[in-house]
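Reading through the structure tokens given below for one structure.
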Amino acid sequence: MTKIGFIGLGNMGGGMAVNLAKAGHEVTAFDLSPEAVAKAVEGGCRAADNLEAAVSGADVIVSMLPAGKHVRMVYAKPGGVFGFAQKGALMIDCSTIDVDSARAVISTAIDRGFEMIDAPVSGGVAGAAAGTLTFMCGGAAASYNRAKPFLEIMGKNVFHAGDAGNGQVAKICNNMLLGIHMIGTCEAFNLAKKLGLDAQTFYDISSTASGQNWSMTSYCPAPGPVPNAPSNNDYKAGFAAAMMLKDLRLAQAAATSAKAATPLGTQSEAIYSLMEAAGKDGLDFSAVMKLLEGSL
Ligand code: NAD
């Protein structure tokens, strides 16, 4: 039984904290929202009234927060985690944040005598609740090895991607590719339809030809060919366009910082920002299909 402090009990963190508690760990949970804390307590966590109560005396500290500014604030601001945690504590930030913030916070953690890794996830809210997330981790090998048993409670696949921040790099590069694939798949199905080729026939051909990709075969944006895809459920998310846009913006920020050419990543961000501007970014990210059809 390990003493764990958990910060950020939202859609993702709530399920993750409960899974750690169910595995027999003493999880002291904090969120700015008292309702979120109450829900975690129902699932077997202890309530913390503030950050200090969550992290004081904890051997392991896990966070699942919205963005880089929250992570910087929660860990590094005066009155943050670094001020209250015991020396040698292991910190695991599972939030999806910009690479520069992840690297800066981890570097400060190490300077202050802690261990820390970035460990963003894929798998969504269902994966967080079921303990089947995929973790992509960055940081020292020893810290990763220390974190692994806890990550294996919350997830099914756990990868070490290299040095600090590389978990975020893996996540945003994968999701940039996913966004590009999805838009390309939507364009192909839309053009096929306009030229008189129905979605099922095009799917049967392309899914066994060189255009095949995950967005087509597991998540087909044209209704019909893949029965459980969001396109058959009025494009209800799924993976919301807003979440894809967040990741594409992180990818673009990182590309600018690294002076990497990502022309299709740039276009993808622009296309998902049109969904945001239309107030439709709550739809699944495959709803780019509707944007191209003119029916968003
Ligand atoms: P969420 O908004 O539901 O939860 C974030 C929680 O953090 C909220 O409960 C909020 O009150 C809390 N919080 C914010 N600032 C705080 C502070 N200073 N102290 C304590 N608590 C604070 O978000 P989510 O959907 O759980 O996502 C969390 C992270 O996981 C994000 O970085 C997101 O990009 C990533 N992610 C989400 C999904 C998904 O499907 N939702 C999938 C993969 C990754």
Side-chain angles (χ1 to χ4, degrees), residues 5-19 27-41 43 45 47-55 58 61-85 91-99 101-102 105 118-137 151 154-157 165 167-168 170-172 174-176 178-179 219 230 236-251 253 272 281-285:
F6 204 112
I7 308 151
L9 307 161
N11 293 321
M12 298 293 290
M16 293 162 69
V18 165
N19 284 332
V27 181
T28 308
F30 176 64
D31 194 290
L32 296 177
S33 151
E35 293 79 29
V37 176
K39 218 168 152 204
V41 168
C45 299
D49 290 337
N50 52 47
L51 199 58
E52 181 175 4
V55 305
I61 294 159
V62 184
S63 53
M64 193 49 158
L65 296 161
K69 66 178 180 192
H70 305 95
V71 173
R72 283 178 183 266
M73 195 178 75
V74 162
Y75 281 94
K77 69 155 193 196
V81 171
F82 294 155
F84 301 125
M91 299 165 185
I92 307 172
D93 178 44
C94 301
S95 327
T96 301
I97 66 170
D98 60 287
V99 176
S101 290
V105 173
D118 57 302
V121 306
S122 71
V125 180
T132 57
L133 294 169
T134 293
F135 286 90
M136 296 155 256
C137 307
L151 301 178
M154 299 183 281
K156 192 168 63 172
N157 299 305
Q168 303 294 349
K171 163 106 189 170
I172 59 172
N174 179 72
N175 281 13
M176 183 180 78
L178 174 63
Y219 220 84
K236 194 167 168 284
F239 183 50
M243 307 280 295
M244 173 53 84
L245 182 57
K246 175 190 171 181
D247 293 349
L248 289 168
R249 284 181 171 149
L250 290 173
Y272 281 104
D281 57 344
L283 291 177
D284 188 75
F285 81 118

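Reckoned from all heavy atoms, side chains included, excluding hydrogens, waters and symmetry mates. Start at 1 and go down the list; that is how both ligands and their atoms are numbered.
In summary, the atoms of ligand 1 found under 4.0 Å from a heavy atom of F30, numbered by their order in the structure, are 19 (N), 20 (C). Here is the list of ligand 1 atoms found below 4.0 Å of a heavy atom in G8: 7 (O). Atoms of ligand 1 lying under 4.0 Å from any heavy atom of V121, numbered from 1 in the order shown and given with element: 43 (C), 44 (C). The ligand atoms of ligand 1 that sit less than 4.0 angstrom from a heavy atom of I7 are 20 (C). Each of the following atoms of ligand 1 lies closer than 4.0 Å to a heavy atom of K171: 43 (C), 44 (C). Per-residue contacts place M73 under 4.0 angstrom from the following atoms of ligand 1 (heavy atoms of the residue considered): 18 (N). Listed by number with element, the atoms of ligand 1 under 4.0 Å from a non-hydrogen atom of M243 are 37 (C), 38 (C), 39 (C), 40 (O), 41 (N).
At a 3.5 angstrom cut-off on N or O pairs, K246 counts as close to ligand 1. At least one N/O-N/O distance between L65 and ligand 1 falls below 3.5 Å. In terms of polar-atom proximity, defined here as any N/O pair under 3.5 Å, M12 does make such a contact with ligand 1. Considering backbone and side-chain atoms together, P66 places an N or O closer than 3.5 Å to an N or O of ligand 1. The shortest N or O to N or O distance between N11 and ligand 1 is under 3.5 Å. Polar contact check, D31 against ligand 1: a nitrogen or oxygen pair lies under 3.5 Å apart. On a distance-only criterion, T96 and ligand 1 share at least one N/O pair closer than 3.5 Å.
Around the NZ atom of K156, the shell of radius 6.0 Å holds no more than 12 heavy atoms that belong to other residues, nucleotides or ligands.
In this pair, F239 and F285 present their aromatic rings perpendicular. The plane angle is above 60°, beyond the 30 to 60° band.
For atom 2 (O) of ligand 1, the nearest protein heavy atom lies 4.0 Å or farther away. The presence of a protein heavy atom under 4.0 Å from atom 23 (O) of ligand 1 is ruled out.
Looking at heavy atoms from C-beta onward, S95 lies in side-chain contact with V71 at the 4.5 angstrom threshold.
With I7 as the fixed residue, the side-chain contact (heavy atoms from CB on, under 4.5 Å) test singles out one of L32, V81, V62: V81.
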Determine whether D247 and M176 satisfy the following criterion, side chain to side chain contact (heavy atoms under 4.5 Å, CB included), listing intermediate values before the conclusion.
CA-CA 7 Å; D247 293 349; M176 183 180 78; over 6 Å; no
